[in-house]
Amino acid sequence: MSESLLSLLIFVPLIAAIVILLLPKSLNGSLKWITLGTTVVQLILSILVMLKLDWSAGAPVGINNQGNFQLVENHQWLHLDLGTLGTISIQYFLGLDGLNSTMVLLTAIVMVIGAISSFEISHKRKGFFALFNVLSATIMGCFMALDFFLFYLFFEFMLLPMYFLIGIWGGPRREYASIKFFIYTLLGSIFILIVMIGLYTSVIDPAATAVKIGLTESVENVTTENVEQVQEMLKVDQIKPENLVRTFSLIAMMDAENYIPGSIFFKGEITSFFGENARLIAFLLLFIGFAIKLPAVPVHTWLPDAHVQAPTAISVVLAGILLKIGGYGILRIPYSIFPEGAIYFSWWIGLFGVIAIVYGAFVALGTHNLKKLIAYSSVSHMGFVMLGIASLTTEGINGAIYQMFSHGIISAMLFLVAGVVYYRTHNLEIENYKGLISKMPVYSAMVMVAFFASLGLPGFSGFVAELFVFLGAFKSESANGLIPIWMAIVSTLGLILGAAYYLWTLQRMYLGNFWAQKDLAVDQLTDLSSRELIMFVPLAIMTIILGLFPHLLLDVISPSVNYFVNFVEATGKENLEIILQAINK
Amino acid sequence: MEGAQTNDIAIIATGITLMPLFSFLLLIFFGKKLEKKSGILATAVLAFSALLSLYVFYQVWLNQGSTLTHFEWFSHQTNAFVIGINIDKLAAIMLVVVTLVSGLVHLFSLVYMKGDKNFPRYFAYLGLFTFSMLGIILTNNIIFIYIFWELVGVSSYLLIGFWQEKPAALKASKKAFLVNRIGDAGFLVGILSLFALFQNTDLGIIASKHFSGVYAVDFASQYLLISLAGMGLFCGAIGKSAQFPLSVWLPDAMEGPTPVSALIHAATMVAAGVYMLARIAFIFTPEVQIVIAAIGTITAFMAAYAALSQNDIKAVLAFSTISQLGYMVMGIGVGTVGASLFHLVTHAFFKACLFLSAGAIIHVMHQVEHDTKAHFDPQDMRNMGGLRKKIPVVFIAYLFSAMALAGLPLFSGFLSKDAILVGAYSFASEYGGAAYLIPLFGFLSALFTAFYVGRQLIMVFFGEFNLEDKIKDAGNYIQDISWEMKLPLVILGFLSIGFVFSLNPFDGENGWLLATFKGNLVIDHSQKLLVEVISASLAISGLGLAWLVYGNRVLYNLKQSLFPKSSFAYKLSLNFWYMDSFYERVLVKNSILIAEKLKTFDLSIIDGIVNKLALFNVIFAHIIAWVDKYIVDGFVNFMVMVSGKTGNLTRSFQGGKVQSYFAWTLFGFICLLIYLINE
């Protein structure tokens with residue numbers, strides 16, 4: 001079983017979805033329990049995965065070496081011989097390293113919370129829970145896939161359940177929100193798709209090619225000498241086109257030796273694309289594709305709408321996990337495959353990070369809807385992810401990943417905070433409430449924990465994450481010269497504004513003497529039910545634990561990140577040199 | 001000498017720190033069940049940790065046992081994030097100050113907060129505060145200082161807004177946190193600069209690297225980063241210690257319960273800024289030092305001036321606190337760190353005493369308000385007067401601590417304030433020119449201080465009980481306070497006496513405390529004598545002047561005609577230089593305006609463009625659909641018609657069967673494919 005742990009993470013919810021569809025209508029009441037059970041199984045599996053992984057010193061770190069991933073599952077999936085066009089090879093290729101293993105855990109945690117929150121769904125339950133499980137499977141797949149095609153498949157497929165979950169079970173403007181979400185993300189995927197096809201035409205799988213040209217018997221027997229031999233032959237154009245085995249493997253794409261000379265993304269060539277270097281353009285396209293998901297300003301406007309309209313459970317999943325695919329994708333794909341872009345565009349990425357931090361916080365300060373405020377605070381917090389990534393320092397990227405995890409936990413809490421009120425009164429205007437603490441003391445205590453955690457109070461996970469991002473962003477100028485000091489300094493504005501909008505909300509909505517707008521169902525404003533409390537308490541405990549003991553996550557993340565930073569910086573600077581020289585000629 | 005015994009001290013000190021945390025956790029979760037016992041429990045915990053602190057103090061001061069113990073928080077690459085527990089003499093005395101004042105405030109609060117519906121929560125918050133404050137004192141890592149720094153900020157937020165049914169209290173708590181956050185953003189930048197410079201955040205390592213000139217950045221940016229570090233850390237102190245221009249939160253913070261004001265907003269938390277500056281003072285460049293000295297002087301003067309006209313008993317003390325903190329900051333700036341720390345300690349005791357006395361007075365006035373069923377402001381000094389006969393213990397305690405604040409010889413404040421002024425004077429004589437403004441304004445503020453102290457003393461304790469003008473026989477309703485309130489006043493009042501700190505009441509330099517803190521600083525004795533004479537005479541004349549204006553009222557009319565209530569000078573003082581309304585108008589309003597504007601921008605411009613694009617796409621799609629329907633489809637239909645005709649021709653060999661249509665299509669498709677691939 002341990003060889004296929006990762007597959008189980010994907011297929012358990014898929015099977016659950018099928019079971020849910022097949023169950024007779026009379027069993028509709030049990031659907032939520034099946035879903036909850038599935039997510040709990042998933043959580044247990046992901047904890048098993050975390051325990052199985054080797055995080056001791058000197059353990060394999062992944063990133064650009066297939067052998068260094070853990071719990072790898074690599075199967076030939078599609079293998080089409082196209083004659084002179086060579087061979088298409090698509091693999092079912094899963095594996096974990098420090099970039100994605102914490103994300104898998106986060107997904108499992110948030111999905112459990114999402115499942116409990118879904119108990120509120122009262123109509124068309126069958127469809128909802130089936131789609132919820134499909135969503136869960138695709139997210140897991142997305143985080144674990146190491147084959148670009150497989151990744152893209154999950155990435156695209158995720159849209160479908162999300163579209164329906166918002167569009168059918170959402171608020172009054174759900175159609176608009178869901179179509180907006182769909183089109184926005186689809187736009188991003190098209191950018192990614194373009195580059196993926198380009199990459200596919202450029203990259204070969206040296207091992208499979210070695211087999212094809214008869215250097216060795218089978219893929220299992222391929223030695224590093226064989227691979228080097230193939231790469232040498234590729235350079236001098238000794239391999240016939242029909243013997244080239246093309247691949248979607250992300251790992252193969254990270255090695256410059258695997259690029260076919262003369263192909264669009266071959267780094268030695270100055271292949272231009274509308275007068276720009278094709279590799280830099282490819283980086284930009286991929287980056288934008290994922291930045292939409294993150295979301296970065298100015299491509300963020302799908303997020304407030306999607307959040308405000310989505311049912312609570314879906315908001316929780318959306319903010320808690322889906323946004324992280326953007327951040328994770330940036331690290332795994334554009335940064336690893338086109339590292340020169342990471343160097344070349346770092347200033348701009350940093351700038352957009354700073355803009356997101358400050359802009360998101362200001363807009364949050366200006367909104368009057370609780371859920372919208374939280375959505376914009378997400379934009380602001382994801383800006384920290386971008387800033388940390390842009391700095392390309394170990395502190396910055398550790399911080400970015402920590403921030404993704406921490407924000408996953410905290411934003412799940414925040415959207416539950418909004419969900420509790422919405423469930424009771426269907427109204428989230430901040431001005432309509434005052435002094436909720438006197439009616440709902442336990443709830444208000446949880447609100448305080450969530451708000452203080454989100455505004456980066458020490459003792460909560462957000463502080464550790466933001467501190468690391470700041471450390472990285474600030475030292476970048478002296479360490480690797482990528483982003484200037486002022487970016488870190490301006491970003492501190494986000495801390496001040498964050499405190500401002502949260503404390504102002506606390507003052508206006510939760511503290512003081514009770515008052516509510518008279519059209520509202522005031523008698524519905526009861527304190528947390530035990531089901532709601534069960535969702536809040538573990539999240540609150542987790543954000544505190546991760547605030548006090550950062551090593552729990554950092555030990556998992558940082559070995560890979562250290563390797564990643566060296567790899568991206570070294571290859572990036574080297575490649576950029578070649579490109580710039582070529583341009584100057 | 002080191003070794004086992006000193007390690008014991010580290011363990012004891014950690015225990016002292018953790019006990020209030022334990023009290024916090026216990027009361028937050030089980031407070032409801034414990035009810036009244038919760039207060040007693042918390043007080044007992046604090047009393048115990050105060051006793052242990054005294055033991056640590058004794059060990060460290062008498063047995064010379066400074067100790068430094070490290071715990072690893074987590075490691076990241078080569079940087080281990082280590083918590084250093086540092087117990088030197090400074091930390092040991094701060095330990096005593098914090099636990100003692102906190103313990104006394106706990107005791108005082110048992111009566112003061114009696115009957116409050118959130119009684120257990122109040123003590124829980126006090127525990128959280130004490131824990132965080134002790135954390136600041138003991139840790140030797142700037143990140144941990146920042147962590148505890150934020151936590152005291154939160155406890156302060158919770159306690160200022162404790163009476164959350166008062167909208168003013170809620171506003172004040174939010175303001176305090178936000179204004180502090182502004183300073184903390186600077187603090188963070190300071191930490192980041194230190195980290196960039198030294199790749200470490202341990203103060204011991206930073207100091208040794210700094211002194212041996214080992215930096216992780218190139219030479220060109222070294223000085224800039226060191227200055228940035230100094231300025232950034234100072235920003236943090238500006239916020240926490242309520243210095244200009246971030247002083248505005250402290251007067252509002254008086255909305256919290258008065259014992260809280262005594263503990264947090266007078267004796268300990270606000271002094272944390274000064275303490276942090278003292279710990280990190282080695283990093284300050286001369287430019288930064290001048291900025292610090294200037295800010296301290298400006299603050300001392302502005303706040304002292306504002307205190308002159310306040311009628312609220314706590315407001316006077318709040319402005320006085322800001323002003324005294326200004327002195328301490330001034331002392332750091334001019335390089336007499338020891339004097340600042342000395343003033344920090346003396347001020348902690350006498351100002352806590354003043355606030356608790358004010359609390360006792362308010363408590364008494366409250367009872368009068370309650371018993372007479374009348375409505376008046378129990379904090380307004382114009383309602384008081386003649387209270388010395390009614391509550392003599394409070395009067396004596398107040399008198400002692402007020403004289404210390406005024407800087408009268410024989411009292412503690414004289415020794416410490418004097419030491420700062422001596423430093424300021426020698427700083428000025430070294431730099432010359434404009435630097436003389438620092439001692440000059442220092443002296444002027446000393447005069448103001450003595451005057452407002454005298455004014456308050458007279459308004460509250462002398463003359464007749466003014467409330468009786470409004471309410472008949474109100475004086476008869478005054479009851480003396482209970483022992484839980486008296487004891488803290490007596491202890492703190494005693495600690496305001498100069499002899500406690502120096503056997504020679506005119507010379508703090510050789511007193512046990514300052515002699516240790518001042519280090520090797522050489523003091524010019526002729527300057528010292530001059531400064532002493534000036535400040536003593538200023539204190540006496542300030543008090544005298546107050547007596548002439550408010551006591552026997554000889555000069556009262558003169559004062560009224562010089563500074564009528566309509567005069568700008570009076571209003572400037574009453575409104576604290578209009579700083580609040582300036583911020584309200586410039587900063588707050590504009591921030592919200594920007595926020596609203598950006599929100600509209602987001603909605604109408606960014607999202608507008610997106611929607612326009614979508615609309616364009618829809619229109620485009622309609623055009624395509626039209627083309628599709630009438631042109632493409634038309635063409636297809638035409639083709640169908642044509643193929644229909646030709647079909648009739650070929651029908652003969654097709655046999656008219658649907659299956660064969662399909663077969664032919666597939667066959668045709670395959671032919672096409674083969675043709676294409678071979679091309």
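Quick note on labels: first sequence line is chain A, next is B, and so on, each numbered from 1.
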Asks: Between F24(B) and Y125(B), is the gap from one ring center to the other below 6.0 Å?
Replies: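 For F24(B) and Y125(B), the ring centres are not under 6.0 Å apart.
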Asks: So which of A473(A), G498(A), A500(A) has the largest heavy-atom pair count under 4.5 angstrom toward chain B?
Replies: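 It is A500(A).
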Asks: Give a yes or no on this: more than 12 heavy atoms of other residues, nucleotides or ligands lie within 6.0 Å of atom NZ of K209(B).
Replies: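 Enclosed.
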Asks: Can you label the angle between the Y184(A) ring and the W302(A) ring as parallel, tilted or perpendicular, going by 30° and 60°?
Replies: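 The arrangement is tilted - the two ring planes meet at 30° to 60°.
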Asks: Is K175(B) salt-bridged to E255(B), going by a charged N under 4.0 Å from an acidic O?
Replies: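 No.
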Asks: Taking every non-hydrogen pair under 4.5 Å, which of D602(B), I143(B), T600(B) racks up the most with chain A?
Replies: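 Result: the option with the highest number of such pairs is D602(B).
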Asks: Output the residues of residues 148-156 of chain B for which the shortest heavy-atom distance to chain A is under 4.5 Å, in residue-number order; output 'none' if no such residue exists.
Replies: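 Within residues 148-156 of chain B, the residues under 4.5 Å from chain A are E150(B), L151(B), V154(B).
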Asks: Please report the C-alpha distance between Y215(B) and F198(B) in whole Å, then the side-chain angles of each, then the deciding distance to 0.1 Å, and finally whether the ring-ring contact (aromatic ring centres under 6.0 Å, His included) criterion is met.
Replies: CA-CA 6 Å; Y215(B) 303 104; F198(B) 303 104; 5.5 Å; yes
Asks: Could you check whether any side-chain N or O of Y402(A) sits under 3.5 Å from a backbone N or O of L546(A), counting only pairs where one atom can act as donor and the other as acceptor?
Replies: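 The answer is yes, because a donor-acceptor pair under 3.5 Å joins these two groups.
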Asks: Chain A heavy atoms under 4.5 Å from S193(B): which part of the residue, side chain, backbone, both or neither?
Replies: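 Both parts, backbone and side chain.
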Asks: With a 4.5 Å cut-off on side-chain heavy atoms, are N141(B) and I145(B) touching?
Replies: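 No, side chains not in contact.
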Asks: Please confirm whether the backbone N or O of G98(A) pairs with a side-chain atom of S560(A), one donor and one acceptor, at under 3.5 Å?
Replies: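 At least one qualifying donor-acceptor pair exists.
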Asks: Can you check whether anything in residues 219-234 of chain B gets within less than 4.5 Å of chain A, heavy-atom wise, and list it by number?
Replies: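 L225(B), L228(B) fall under the 4.5 Å cut-off.
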Asks: Given heavy-atom pairs under 4.5 angstrom as the criterion, report whether the side chain, backbone, both or neither of Y376(A) touches chain B.
Replies: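 The answer is the side chain of Y376(A).
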Asks: For each of S491(A), S478(A), G512(A), tally heavy-atom pairs with chain B at distances under 4.5 Å, and name the one with the top tally.
Replies: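 Going by pairs under 4.5 Å, I would pick G512(A).
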Asks: Is the distance between the ring centroids of F384(A) and F468(A) under 6.0 Å?
Replies: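 Between F384(A) and F468(A), the centre distance exceeds or equals 6.0 Å.
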Asks: Side chains of Y501(A) and T367(A): donor-acceptor distance under 3.5 Å anywhere?
Replies: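 There is no such pair (donor and acceptor under 3.5 Å, judged by atom type) between the side chains of Y501(A) and T367(A).
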Asks: Would F195(B) and F474(A) count as a close aromatic pair, with their ring centres under 6.0 Å?
Replies: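 They do not qualify: ring centres at least 6.0 Å apart.
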Asks: Can you see whether S558(A) engages N562(A) through a side-chain donor-acceptor pair at a distance of less than 3.5 angstrom?
Replies: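 No, because no side-chain N or O of S558(A) sits under 3.5 Å from a partner of the opposite role on N562(A).
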Asks: Highest number of heavy-atom pairs under 4.5 Å with chain B: which of V299(A), L495(A), L493(A), I437(A)?
Replies: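 Most pairs with chain B among the choices: L495(A).
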Asks: Backbone N or O of G239(B) within a donor-acceptor pair of the W249(B) side chain at under 3.5 Å?
Replies: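 Checking the backbone N and O of G239(B) against the side chain of W249(B), a donor-acceptor pair under 3.5 Å is found.
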Asks: Which residues pass the side-chain hydrogen bond (donor to acceptor under 3.5 Å, both in side chains) test with D305(A), not counting sequence neighbours?
Replies: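 Partners of D305(A) under the side-chain hydrogen bond (donor to acceptor under 3.5 Å, both in side chains) test: K180(A).
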Asks: Identify which part of L194(B) has an atom lying under 4.5 Å from any heavy atom of chain A, answering side chain, backbone, both or neither.
Replies: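 Neither part; nothing is under 4.5 Å.
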Asks: Any non-hydrogen side-chain atom of D607(B) less than 4.5 Å from a side-chain atom of V610(B)?
Replies: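 A side-chain contact under 4.5 Å exists here.
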Asks: Would N480(A) and K475(A) count as a side chain to side chain contact (heavy atoms under 4.5 Å, CB included) here? Give the steps.
Replies: CA-CA 8 Å; N480(A) 56 21; K475(A) 86 170 212 188; over 6 Å; no
Asks: Kindly determine whether W163(B) and N118(B) satisfy side-chain hydrogen bond (donor to acceptor under 3.5 Å, both in side chains), including the steps that lead there.
Replies: CA-CA 9 Å; W163(B) 286 320; N118(B) 292 317; over 6 Å; no
Asks: Do any of residues 176-189 of chain B come closer than 4.5 Å to chain A, heavy atom to heavy atom, and if so which ones, in number order?
Replies: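 Contacts with chain A: F177(B), L178(B), R181(B), I182(B), A185(B), L188(B), V189(B).
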Asks: Side chains of S380(A) and Y359(A) only: does a donor on one sit below 3.5 Å from an acceptor on the other?
Replies: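 Side chains of S380(A) and Y359(A): no pair found under 3.5 Å.
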Asks: Quick check on V464(A) against chain B: is it the side chain, the backbone, both or neither that has a heavy atom closer than 4.5 Å?
Replies: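 The side chain, not the backbone.
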Asks: Chain B: which of L471(A), N513(A), I489(A) shares the most heavy-atom pairs with it under 4.5 Å?
Replies: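 Heavy-atom pairs under 4.5 Å are most numerous for L471(A).
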Asks: Pick from I183(A), T492(A), T301(A): which one has the most heavy-atom pairs with chain B under 4.5 Å?
Replies: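 Between I183(A), T492(A), T301(A), the count favours T301(A).
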Asks: Please identify, among I179(A), L506(A), I485(A), L455(A), the residue contributing the most non-hydrogen atom pairs under 4.5 Å to chain B.
Replies: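 The answer is L455(A).
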Asks: Would you kindly say whether Y502(A) and S454(A) are connected by a side-chain donor-acceptor distance under 3.5 Å?
Replies: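 Yes, a side-chain donor-acceptor pair sits under 3.5 Å.
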Asks: Determine the option with the most heavy-atom pairs under 4.5 angstrom with chain A, choosing from I606(B), L593(B), I191(B).
Replies: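 That would be I606(B).
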Asks: Among the options I609(B), N611(B), L197(B), pick out the one with the most heavy-atom pairs lying under 4.5 Å from chain A.
Replies: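 Looking at each option in turn, the highest pair count goes to N611(B).
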